[in-house]
Amino acid sequence: MKEENNLLKFDSIADAHRAFGLHAPKHPLVSMITGRMGEHMVLPKESHVLNFYKISYNPSLSSRIKYGQGYYDFKEGGMLFASPNQIIGSSDELPTKMNSTAMTLIIHPDFFLGYPLAQEIKHYGFFSYSTNEGLLLSQDEKETIVALFNMIENELNSRIDDFSQDVVISQIALLLNFSNRFYKRQFITRKAVNHDTITKVERYIDEYLS
């Protein structure tokens with residue numbers, strides 16, 4: 001860990017574990033961090049920069065979106081993504097509810113070397129989205145994402161063999177593909193909400209003019 005331009009920068013997975021108050025990672029290039037706020041991990045108060053990818057599920061992300069005469073509720077948490085060298089706020093990683101557990105997968109780019117995902121991961125645009133564009137999840141989507149995180153964590157905690165990296169990379173690719181699908185759903189929902197608002201405005205204008 002080092003400081004550059006008043007920002008903490010973590011160059012390795014081990015640096016991040018030390019800063020979060022965790023034991024040394026089992027693998028130097030990939031790790032799953034799971035814990036409750038202030039109980040299992042402590043994040044730096046300052047904004048920081050990670051030299052690796054971050055995919056996290058945060059139970060505190062929620063929203064209620066009006067659509068037509070009803071509402072879509074997204075109260076099952078959401079996901080945040082960051083690519084290497086992005087600035088991350090200290091509050092982005094942890095849930096605000098003390099009984100909520102956040103799950104964060106951090107992956108050094110070198111973990112993908114020799115695999116197609118090394119290039120493919122750069123095409124997932126959500127790694128560059130700001131926090132307010134986090135992926136909000138429905139109950140069914142939450143169950144899918146949490147199951148994938150648990151599957152990756154179980155594999156990382158298993159005995160390392162010749163197939164371990166292949167399996168974990170396949171699981172990460174599946175996690176990214178489901179995230180991409182759910183983001184597309186989110187954009188469609190927002191488009192529908194915006195279209196509904198525009199339609200109402202047009203109707204009010206027509207009524208006023210007539």
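Residues take their numbers from the sequence shown, with the count starting at 1. Bear in mind that the values here come from a model prediction, so they are computed numbers and not experimental data.
- Taking 4.5 Å as the limit, every side-chain heavy atom of Leu137 sits out of range of all side-chain heavy atoms of Glu143.
- Within the 4.5 Å cutoff, side-chain heavy atoms of Phe112 are placed close to those of Ile172.
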Could you walk me through whether Lys54 and Thr104 satisfy the side-chain contact (heavy atoms from CB on, under 4.5 Å) test, starting with their C-alpha distance in whole Å, then the side-chain angles of each, then the deciding distance to 0.1 Å, before giving a yes or no? CA-CA 7 Å; Lys54 182 209 76 174; Thr104 300; 3.7 Å; yes

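- The two residues Phe52 and His108 come nearest to each other via the heavy atoms CB-CA, 3.6 Å.
- Ring geometry for Phe81 against Tyr183 counts as tilted: the plane angle lies between 30° and 60°, on a 0 to 90° scale.
- In this structure, Arg18 and Phe10 have side chains that are not in contact, with every pair of non-hydrogen atoms separated by 4.5 Å or more.
- For the pair Pro109 and Pro84, the tightest heavy-atom approach, listed with the atom from each and the gap, is CG-CG, 3.8 Å.
- Annotation: the span from Ile106 atom CD1 to Leu29 atom CG amounts to 11.0 Å, rounded to 0.5 Å.
- Nearest heavy atom pair, residue Glu153 against residue Thr34, reads OE2-OG1, 3.4 Å.
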N/O donor to acceptor pairs below 3.5 angstrom from side-chain atoms of residues 114-124, sequence neighbours left out:
| residue | atom | partner | partner atom | Å |
| --- | --- | --- | --- | --- |
| Tyr115 | OH | Asp166 | OD1 | 2.5 |
| Tyr124 | OH | Asn177 | OD1 | 2.8 |

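- The minimum heavy-atom distance linking Leu135 with Ser179 is given by the pair CD2-O, 3.8 Å.
- Counting only heavy atoms from C-beta outward, the side chains of Ile33 and His17 approach each other to under 4.5 Å.
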Please report the C-alpha distance between Asn51 and Asn85 in whole Å, then the side-chain angles of each, then the deciding distance to 0.1 Å, and finally whether the side-chain contact (heavy atoms from CB on, under 4.5 Å) criterion is met.
-> CA-CA 5 Å; Asn51 192 30; Asn85 298 314; 3.6 Å; yes

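- Of all heavy-atom pairs spanning Ile13 and His27, the tightest one is CG2-O, 4.4 Å.
- Taking 4.5 Å as the limit, some side-chain heavy atom of Ile55 sits within range of a side-chain heavy atom of Phe127.
- Taken together through direct or relayed side-chain contacts under 4.5 Å among Ile, Leu, Val, Met, Phe, Trp and Tyr, Val167 and Met32 form parts of separate hydrophobic clusters.
- Hydrophobic clustering of Ile, Leu, Val, Met, Phe, Trp and Tyr side chains at less than 4.5 Å, counting indirect connections, unites Leu174 with Tyr53.
- Side-chain contact between Phe126 and Gln186: absent, with no pair of heavy atoms (C-beta onward) separated by less than 4.5 Å.
- Using a 4.5 Å heavy-atom threshold, the side chains of Leu105 and Val30 count as touching.
- Using a distance-only test at 3.5 Å, with no hydrogens or angles considered, a donor-acceptor pair links the side chain of Gln165 to the main chain of Phe111.
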